[in-house]
Amino acid sequence: MNHCDKPGLMPVEVALERLLQTVEVTTATETLPLAGSLGRVLAQDVVSSVAVPPADNSAMDGYCMRFQDYQADTRYTVSQRIPAGAAPEELLPGTVARIFTGAELPCNADTVIMQEDVTATEAGVCIDEAPKPGQNVRPAGQDIEQGQVVLAAGARLRAQELGLLASIGVAEVCVYKALRVAILSTGDELVEPGNPLHKGQIYNSNRYTLLGLLQGLGLEILDLGVIPDDVAQTEAALIRAASEADVVISSGGVSVGEEDHIKSVLEKLGQLEFWRLAIKPGKPFTYGTIMQTPFLGLPGNPAAVFVTFALLCRPWLLKKQGAMQWLPDEIRVPAAFSVGKPAGRQNYLRARLISSGGRQVVEMYPNQSSGILFSASWGNGFAIIPPGEVVAEGELVRFLPYEFILH
Ligand code: AMP
Ligand code: MG
């Protein structure tokens with residue numbers, strides 16, 4: 001144990017390693033239409049059966065010719081007109097063809113002169129400047145070669161990948177089956193948005209944070225709503241969740257209060273793997289199994305839900321879904337703040353990367369309490385301060401941009 005670690009609290013790295021060790025990667029696959037596969041993970045390599053582009057084509061609006069035919073001070077006859085989508089005829093020797101961006105080059109043509117570089121009249125076309133051989137031509141296979149592995153099994157399908165697969169004519173993809181994830185929020189104080197708040201109540205925000213976080217991952221969500229702070233109802237809800245889903249994620253009820261029942265019910269129904277991490281916010285994070293179904297118990301505090309999902313649940317879910325990559329990269333950025341007092345837990349400050357005086361720095365939201373959800377919406381990433389460390393303004397700190405962790 002690092003001398004800075006708080007006794008009894010598991011370091012974040014250890015927790016993550018143990019979480020990932022226990023993941024049994026999904027094997028079930030299904031074939032989906034390309035348009036319905038966003039967020040899914042490829043179960044097979046995809047090999048291109050075509051070249052992209054399929055033939056040499058023009059990168060410009062202009063005139064194409066055979067480079068060999070070029071002579072200064074010559075007027076060329078325009079022997080054909082080739083818009084994009086047309087099938088060109090062989091280029092007559094010594095002539096040029098009118099051609100447009102994306103149009104296939106005719107046989108014999110190898111060079112395109114942009115229209116701005118010619119003088120075109122009824123009588124023909126004069127080329128103002130000597131061309132270079134092959135200029136303004138996109139050669140066949142420049143983007144993708146026939147037979148190339150375009151995406152490997154384990155690749156997550158984002159918008160770019162959908163477009164890439166479409167570009168090689170793929171209409172259906174073999175992906176891993178979507179995990180079924182049950183979510184539930186615990187707490188007698190919770191009220192759904194749209195209803196009036198009575199004394200003692202607050203709106204349920206974690207449910208919506210979790211729904212949003214999960215929707216980006218291509219999962220099937222079983223939303224079990226709110227579970228009251230009651231042992232019997234907690235037990236019933238967890239049994240239902242564990243029997244219907246591949247993984248259960250809850251929020252709240254994992255601290256040490258008398259109204260926190262998740263941990264005791266987990267110990268009764270299943271097995272507690274670990275509890276209490278050296279992470280801030282998110283200390284009460286709980287991991288275990290209920291009737292063999294993995295269970296991830298997030299804290300109740302809204303900012304802690306956001307942090308622990310991104311840092312612990314997301315890698316678990318991605319690995320489980322068959323993804324090749326589940327850990328996000330970090331960058332290092334000068335801090336526009338200081339931390340004078342070392343903390344016992346690894347701190348995930350809700351922070352914002354900004355440009356200041358022509359360089360990028362990271363500033364932190366002033367109130368880092370785990371109940372302050374505004375901090376998550378205000379920021380664009382986490383500044384990570386390891387246990388025991390202090391930070392002087394201007395010093396490089398670890399920064400995890402949201403775009404690396406939230407979809
Ligand atoms: P707990 O871990 O259940 O003691 O909850 C810790 C804090 O988070 C308390 O202030 C709760 O009211 C709050 N909290 C728990 N669940 C939610 C939720 N779903 N939405 C918003 N706040 C919550
Ligand atoms: Mg509670």
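Quick note: residue numbers are just sequence positions, from 1. All ligand and atom numbering here is 1-based and tracks the order in the structure.
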Determine whether the side chains of Tyr287 and Trp316 contain a donor N or O and an acceptor N or O closer than 3.5 Å. yes
Which residue owns the protein heavy atom closest to atom 7 (C) of ligand 1, what's the atom, and how far is it? Asn301 OD1, 3.4 Å
Could you check atom 22 (N) of ligand 1 against the protein and tell me its nearest heavy-atom contact, residue, atom and distance included? Ile202 CD1, 3.3 Å
Would you say the rings of Tyr63 and Phe100 are close, in the sense that their centroids are separated by under 6.0 Å? no
Euclidean distance, Ser355 OG relative to Gln360 CD, rounded to 0.5 Å: 4.5 Å
What protein heavy atom is closest to atom 21 (C) of ligand 1, reported as residue, atom name and distance in Å? Ser205 OG, 3.3 Å
Numbering the atoms of ligand 1 from 1, which are under 4.0 Å from a heavy atom of Asn204? 18 (C), 19 (N), 20 (N)
Should we count CD of Gln142 as having more than 12 external heavy atoms under 6.0 Å? yes
For Glu189, atoms of ligand 1 separated by under 4.0 Å from a heavy atom: 11 (C), 12 (O)
Check whether the side chains of Glu189 and Tyr203 place a donor and an acceptor atom closer than 3.5 Å, and report yes or no. no
For ligand 1, is there an N or O atom under 3.5 Å from any N or O atom of Gly300? yes
Which of the numbered atoms in ligand 1 are under 4.0 angstrom from any heavy atom belonging to Asp260? 3 (O), 4 (O)
Which ligand 1 atoms are under 4.0 Å away from a heavy-atom of Thr186? 16 (N)
Heavy-atom contacts with Pro302 under 4.0 Å: which atoms of ligand 1 show up? List them by number with element. 21 (C), 22 (N)
Give the atom numbers and elements of ligand 1 that come within less than 4.0 Å of a heavy atom of Gly253. 1 (P), 2 (O), 3 (O)
Arg207 N/O under 3.5 Å from ligand 1 N/O: no
Under 3.5 Å side-chain donor-acceptor pair for Gln80 and Arg98: no
Just to be sure I'm reading this right: ignoring hydrogens, which of Asn206, Asp188, Thr209 gets closest to atom 16 (N) of ligand 1? Compare them by their nearest heavy atoms. Asn206
Exceeds 12 heavy-atom contacts within 6.0 angstrom, atom CD of Glu116: yes
With heavy atoms of Ser255 as the reference, note each atom of ligand 1 found under 4.0 Å away. 2 (O)
Ligand-residue contact atoms, ligand 1 with Tyr203, heavy atoms, under 4.0 Å: 20 (N), 21 (C)
Is it true that Asn204 and Ser185 share a donor-acceptor pair across their side chains at a distance under 3.5 Å? yes
Between Phe374 and Tyr365, how do the two ring planes meet: parallel, tilted or perpendicular, split at 30° and 60°? tilted
